[in-house]
Amino acid sequence: MARPTSPRRIEPRTHRAPYAVGDLVTGTSYVHPDDRGREQPEEFTGRIVQVGSGWDGVDAEQAYVWVRLATGRERQALIRDIRRAPT
């Protein structure tokens, strides 16, 4: 008979995303390779409206944000492809 395991201790998250909702950023949008026949990556400037998944353990190659442009449209971008815009 298997021994019961104790509840797993969840450590508090200590790493924060390098950007927050509301930050003004500029960079290149992300387009999945399968969609590049219909859409191409483009340069943009806008405000972050959503930060992707949790940050502890997230591979920087996959970390992303959603950015709202001045037109009201949104673009997805990888963290590695954006930077803070001058204000």
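Position 1 is the first residue of the sequence; numbering continues from there. FYI, side chains are in, hydrogens and waters are out, and symmetry mates aren't considered; it's all heavy atoms of this structure.
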Mark yes when over 12 heavy atoms from residues, nucleotides or ligands other than Arg73 sit less than 6.0 Å from its CZ; otherwise mark no. no

Is there a chain of hydrophobic side chains (I, L, V, M, F, W, Y, each step under 4.5 Å between heavy atoms) that links Leu78 to Trp66? yes

Would you name the heavy atoms of Phe44 and Ser29 that are closest together and state the gap between them? CE2-N, 3.4 Å

Considering non-hydrogen atoms only, spot the tightest contact between Val49 and Glu74 and give its length. CG2-OE2, 3.8 Å

Return the OH to CG distance between Tyr64 and Asp81, rounded to the nearest 0.5 Å. 15.0 Å

So which heavy atom on Tyr19 is nearest to which on Arg83, and how close? OH-CA, 3.4 Å

Give, for atom CZ of Arg75 and atom CD1 of Ile82, the distance between the pair rounded to the nearest 0.5 Å. 14.5 Å

Please give me the minimum heavy-atom distance between Thr28 and Glu43, naming the atom from each residue. OG1-OE2, 2.6 Å

So, are Asp23 and Arg47 salt-bridged, with charged N and O less than 4.0 Å apart? no

Where Thr45 and Thr26 come nearest, the two heavy atoms and their spacing: OG1-OG1, 3.0 Å

Minimum heavy-atom distance Arg84-Pro18, with the two atoms named: NH2-O, 2.8 Å

Verify same cluster id: Val25, Leu69 (apolar side-chain graph, 4.5 Å): yes

Glu39 CD to Tyr30 OH distance, which is reported to the nearest 0.5 Å: 11.0 Å

